[in-house]
Amino acid sequence: VIVLSKPGKLGKDINVLIPQKSQYTTWLDGQKYITKMTINSESKKLELSMKSPVEYWNGKKSLKIPKGSGVFCFYSQLIECVRTTGFFSKALSKRSGVMNFHIIWEGFPYFQDQYLGVANQAISRAKFTYNGTSEEGLKRFSLEAANQVIMYHLNSNFDLSKQFWVSQEYSLLEKK
């Protein structure tokens, strides 16, 4: 996965990462699948280019970018994207918080073939919620998007320490 975003502002006060391009390559059943995305902010379109051994999943598509909060994050850049907005610090100081935004699934449509029950869309509404602090002192957050819930545990610098995607039987733990 390769994703490119650039720093920007939402209004006068909120720093954001603005998704620009992505390239996602995966192997399914021994065959190579590639998807490339380019975000065209002027036309408010996501330009999608797909190359695969399956005829239906080849070619180009132009998808409308939905209206929303103005914050869009690539899935693989989620923690950096949320950190840039200042949400983590605000949620901790208030001891609660919810951030509404949109996730761009840079692996669409092949990502959705690899995981069960993930909504079949390139861009999904998302909600990132602060859930308190663990006994270990890790900050707990949950992501709700595309019919899924993913739990994130972050250290005091808001770096990823643990990730749990229970419905997919997927866990990621920081090596100590």
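In this structure, Q31 places its CD atom where more than 12 heavy-atom neighbours from other residues, nucleotides or ligands lie under 6.0 Å away.
The CG atom of L46 lies 5.0 Å from the CE atom of M37; values are rounded to the nearest 0.5 Å. The distance from atom CD1 of I18 to atom SG of C73, rounded to the nearest 0.5 Å, is 11.0 Å. A distance of 11.0 Å separates CG of L138 from CG of D159, quoted to the nearest 0.5 Å. Note that OH of Y110 and OG1 of T35 are 5.5 Å apart. Values are rounded to the nearest 0.5 Å. Considering CD1 of I14 and CE of M99, their distance stands at 8.5 Å, rounded to 0.5 Å.
When all heavy atoms of A145 and A126 are compared, the closest pair comes out as CB-CB, 3.8 Å.
Counting only N and O atoms by type, the side chains of K51 and N58 include no donor and acceptor under 3.5 Å apart. Donor-acceptor pairing under 3.5 Å is recorded for the side chains of E47 and S62. S142 and N131 are linked by a side-chain donor-acceptor pair at a separation below 3.5 angstrom, with hydrogens and angles left out of the test.
Relative orientation of the F128 and F141 rings is parallel, given thresholds of 30° and 60° on the angle between their planes.
The closest side-chain heavy-atom distance from F111 to V1 is not below 4.5 Å.
Both L48 and W105 belong to a common hydrophobic cluster when Ile, Leu, Val, Met, Phe, Trp and Tyr are linked at side-chain heavy-atom distances under 4.5 angstrom. Grouping the Ile, Leu, Val, Met, Phe, Trp and Tyr side chains by contacts below 4.5 angstrom, directly or via other members, places L78 apart from L4.
Cation-pi geometry between K127 and F87 is not satisfied (NZ or CZ under 6.0 Å from the ring centre, within 45° of the ring normal).
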Next item on the list: With side-chain contact (heavy atoms from CB on, under 4.5 Å) as the test, would you mind laying out the steps for K61 and M50 before giving the verdict?
Entry: CA-CA 8 Å; K61 289 185 179 185; M50 302 169 289; 3.9 Å; yes
